[in-house]
Amino acid sequence: MEYQKPTINKVDFRLASKYGSPLKEQRIKGEIDGVPVKELVEKFGSPLFVFSQRELEEKYREYKTAFSSRYPNVQFWWSYKTNYLDAICKIFHKLGSKAEVVSEFEYQKARRLGVEGRDIIFNGPYKPKHILRQALQEGAMIHIDHFYEINDIEDVARELGLKEVGVAIRCNMNTGVYPQWSRFGFNIENGEAYEAVKRLYKGGILKLVGLHAHIGTFMLSSSAYRVEVEKLMRLKNWSENQFGVEVEYIDIGGGFASRNRLKGVYQPPEVIVPSPDEYAEAVTGAIYDNYQGKLPKLYLETGRALVDEAGYLLTSVFATKRLPDGKKGYVVDAGVNLLYTAFWYNFELFLDKRYEGLNEPSQVNGPLCMNIDVIAENVMLPPLERGTIMTIWPVGAYNYPQSMQFIQYRPRVVLIDTNGTPHLSREADDLNYVVEKEVVPDYLK
Amino acid sequence: MVEMVIDENNIGYIPSLGTSFQLNETAKEIILMLKQGKSKDEIVEELAKKYNKDWREVFIDVTDFMEKLKIYGVIQ
Ligand SMILES: Cc1ncc(COP(=O)(O)O)c(C=O)c1O
C-alpha cells in the first residue's frame with residue numbers, strides 16, 4: 001500500500017449533503033490550454049502568471065457579438081488599467097479594440113504600442129497640461145472630469161491655434177447601485193452635467209461630441225446600465241436641442257462582472273453574474289427607447305469581464321504547518337503583493353492532480369512574512385505535498401498591473417497563444433531592476 | 001489517550017465525548033500504535049520502514065497529526 005499523509009476530521013453531519021462530501025471534493029486543473037501546469041513551472045519557474053489568448057479572444061467575441069448583434073455601431077476601447085501588459089494590449093488591439101487610458105503613463109504606453117492618438121480615449125481626473133497638449137495635438141478624445149479641465153483644454157487649444165475641439169464629458173449618477181461612483185465627472189441629478197455642457201459652449205472653442213460614464217466595477221445588476229443609458233440619452237437629447245449639435249457617441253464605461261467570487265456574496269457566480277446578452281439587452285434597449293434623430297455610436301470600456309478569466313497564477317506549496325487553531329497552514333510562493341484583489345475576492349484554488357486523503361480546513365499563506373499575506377483564509381484541502389502546484393483563478397484583471405515588488409521579486413508572465421504554445425511575456429524582477437532608480441546620497445557613500 | 005472505537009469504514013467514535021471522526025488508513029495505524037503505548041519516535045520509525053519513506057518527512061506528518069489529535073482532545 002502507498003503511504004498517505006495521516007488525516008483525521010471531525011464528522012460534521014451538517015457538512016454531509018447530496019452534492020457530495022466536502023471532505024472529498026477536490027478542484028483539479030492539471031493544464032491550461034493543453035499545457036500541463038507542471039511543465040509551465042518547470043520551464044518558467046514558480047510563481048507564474050499565465051494568460052490564455054484563447055480565453056481572451058473568446059470573451060471578446062462573446063461581448064462583441066452580444067452588442068453588435070443588437071446595435072449597428074459598437075466600439076470597444078481596451079481599459080489599460082485593467083491589464084496593461086504589452087502582450088495583452090496587443091491582442092485586444094488586433095481584435096479591434098482601441099485604447100482607453102487614464103494617465104500620462106498609460107497614454108504613453110498606448111502610443112508606444114503604435115496606437116494613434118485618434119484611437120485613444122483619455123479619461124481620468126488628473127491630466128496635467130503637458131500631457132493634455134500632446135493628446136490634443138495627436139487627436140486623442142478627451143473626456144473631461146471637472147471645470148478646471150475645461151479651462152485647461154481651452155488654454156491649450158488656444159496655444160495650439162485650434163479653432164474647434166471636440167470633447168466628451170464624464171458624467172456620474174445614481175443608478176440604484178452602491179457604492180455610487182460620484183467622484184468622477186459631473187453629476188446628472190443635481191444638474192452639474194447640464195451646466196458643464198453649457199460651459200463648454202460658452203467658451204466658444206469646445207464642442208460636445210460624446211457623453212461618458214463609468215458607473216462602477218463588478219456590477220451585478222444589468223438594470224443599472226439601463227438607468228445609466230437613459231440618463232445619458234436624456235442629456236444627449238437636451239444638448240442637441242439646446243445647441244443644435246449632434247452628440248456622436250455615448251460611452252457607457254466598463255464594470256461588467258467576471259466569474260469571480262466577491263467576498264460576502266454567497267451565491268456562485270454562475271447564478272448571479274449577468275451574461276453578455278443581458279448587459280447588451282439593457283444597454284441597447286435603453287438607447288432604442290430614448291434616441292431622437294440619429295442613433296449614437298456606442299462605446300464600451302469593458303475591462304474586467306474580458307480579461308479576468310483569462311488570467312491564472314500558478315504557485316507552489318513550500319511548507320505546511322499545523323496552526324494553533326487546528327487549521328492546516330500552507331506556505332506558498334505567491335503572495336498578496338501579486339494578488340491585490342485578494343482583499344475583495346475569494347479565488348478558486350485548483351490542485352495539479354488528485355491527492356490521497358480527506359480534506360481539512362486549511363489556510364493558504366504567501367511568502368511575505370506579513371500577517372496580511374493570506375491567499376485563502378478558509379479552504380478545504382487534502383494533505384498536499386511540498387511542490388504541489390496550485391492554480392489561482394480568475395486573476396487576469398487588475399492583479400498584474402497592481403502587483404508590486406515588495407519583499408519578493410515579481411515573477412514572470414507567460415502568454416499561451418491560440419495554438420497552445422507558451423511565450424514569455426514579462427521577465428521576473430531581479431535585484432538590478434529593483435534598485436535601478438535608487439540613489440545613495442553622496443554623504444552616505 | 002481517550003477511548004476510540006474505529007469501524008471498518010475508518011470512522012472513529014469516542015463514546016466519552018460522543019463525537020465521531022473520519023480517518024484515513026495511516027491515521028488509523030497511528031491511533032492503533034498509540035493505543036499500544038508506542039512513542040512518537042517509534043511510530044515514525046515504524047511507518048518510515050513500512051512505507052520506505054524518509055523518516056524526516058514522516059516525522060513532520062506524524063507531528064502534525066498529533067497536534068490535531070490534541071486539538072480534538074483525543075490525546076493530551
Ligand atoms: C473610466 C473607466 N473605464 C473603464 C474601466 C474598466 O472597468 P471594468 O474593469 O470594471 O470593466 C474603469 C475601471 O475603473 C474606469 O475607471
Side-chain angles (χ1 to χ4, degrees), chain A residues 1-26 316-333 351 353-365 377-388, chain B residues 1-2 4-35 38 40 42-75:
Chain A
M1 219 174 70
E2 282 251 10
Y3 176 77
Q4 299 174 353
K5 286 174 181 287
T7 53
I8 174 168
N9 284 290
K10 205 178 225 160
V11 176
D12 183 343
F13 292 101
R14 285 167 307 174
L15 287 180
S17 90
K18 62 181 171 176
Y19 300 113
S21 162
L23 294 182
K24 290 196 175 138
E25 187 182 307
Q26 294 183 19
S316 305
V317 172
F318 186 71
T320 73
K321 53 181 68 171
R322 182 62 56 187
L323 304 177
D325 66 359
K327 252 196 260 175
K328 183 86 167 192
Y330 287 99
V331 183
V332 299
D333 58 10
L351 306 175
K353 59 173 200 212
R354 215 184 150 79
Y355 287 84
E356 274 313 318
L358 300 170
N359 289 345
E360 60 181 324
S362 309
Q363 182 172 103
V364 181
N365 299 313
E377 194 154 10
N378 262 308
V379 275
M380 295 295 283
L381 292 173
L384 303 176
E385 298 153 8
R386 248 193 149 175
T388 293
Chain B
M1 185 179 181
V2 299
M4 185 191 282
V5 191
I6 302 175
D7 74 7
E8 66 278 13
N9 295 317
N10 286 350
I11 300 285
Y13 179 64
I14 299 183
S16 60
L17 299 175
T19 45
S20 301
F21 298 89
Q22 192 149 17
L23 311 166
N24 68 358
E25 224 22 73
T26 320
K28 187 162 113 183
E29 285 181 79
I30 296 173
I31 288 191
L32 293 178
M33 287 191 259
L34 284 170
K35 271 189 186 170
K38 291 193 176 145
K40 179 169 149 186
E42 288 168 329
I43 294 171
V44 169
E45 199 188 314
E46 228 171 274
L47 287 174
K49 202 180 282 164
K50 173 167 174 198
Y51 292 105
N52 196 19
K53 293 280 287 183
D54 183 344
W55 72 266
R56 299 173 312 158
E57 298 226 352
V58 177
F59 179 88
I60 294 175
D61 292 345
V62 172
T63 307
D64 177 89
F65 182 71
M66 289 177 69
E67 279 309 310
K68 204 160 174 194
L69 290 183
K70 272 185 218 159
I71 288 159
Y72 281 149
V74 179
I75 57 174

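Numbers restart at 1 for each chain; the letters A, B, ... are given by sequence-line order, proteins then strands.
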- request: State whether the number of non-hydrogen atoms from other residues, nucleotides or ligands found under 6.0 Å of A:Phe318 atom CZ is greater than 12.
  value: no

message: Check this for me: B:Lys35, atom NZ, are more than 12 non-hydrogen atoms of other residues, nucleotides or ligands nearer than 6.0 Å?
response: yes

- request: Count the heavy atoms of every other residue, nucleotide or ligand shown that sit under 6.0 Å from CD of B:Glu45, and state whether that count exceeds 12.
  value: no

task: Report the option among B:Glu29, B:Lys28, B:Lys53 that has the most heavy-atom pairs separated by less than 4.5 Å from atoms of chain A.
output: B:Lys53

- line: Counting heavy-atom pairs under 4.5 angstrom with chain B, the leader among A:Glu360, A:Lys327, A:Glu356 is A:Glu360

- line: Bottom line for A:Lys321: the part with an atom under 4.5 Å from chain B's heavy atoms is backbone

- line: Okay, B:Ile30 and chain A: the region with an atom under 4.5 Å from a heavy atom over there is side chain

- prompt: Okay, side chain of B:Asn24, backbone of A:Gly357: is any donor-acceptor separation there less than 3.5 Å?
  reply: no

- prompt: Measuring heavy-atom distances to chain A, does B:Phe21 have an atom under 4.5 Å in its side chain, in its backbone, in both, or in neither?
  reply: both

message: Quick check on the interface: out of B:Val62, B:Asn10, B:Thr26, who has the most heavy-atom pairs with chain A under 4.5 Å?
response: B:Thr26

task: Answer yes or no: are there more than 12 heavy-atom neighbours, outside B:Arg56 itself, under 6.0 Å from its atom CZ?
output: no

- request: Please look at A:Pro324 and chain B and tell me whether the side chain, the backbone, both or neither of the residue comes under 4.5 angstrom of a heavy atom of that chain.
  value: backbone

statement: Against chain A, residues from residues 63-74 of chain B with at least one heavy atom under 4.5 Å, in numeric order, are B:Asp64, B:Phe65, B:Glu67, B:Lys68, B:Leu69, B:Ile71, B:Tyr72

query: Nearest heavy-atom pair of A:Tyr3 and B:Asp61: which atoms, and what distance?
result: OH-OD2, 2.8 Å

query: Is the shortest heavy-atom distance from the side chain of A:Ile8 to the side chain of B:Met4 under 4.5 Å?
result: yes

- request: List the atom of A:Gln4, the atom of B:Glu25, and the distance in Å for their closest heavy-atom pair.
  value: OE1-N, 3.7 Å

message: Please determine whether the number of non-hydrogen atoms from other residues, nucleotides or ligands lying under 6.0 Å from atom CG of B:Asn52 exceeds 12.
response: no

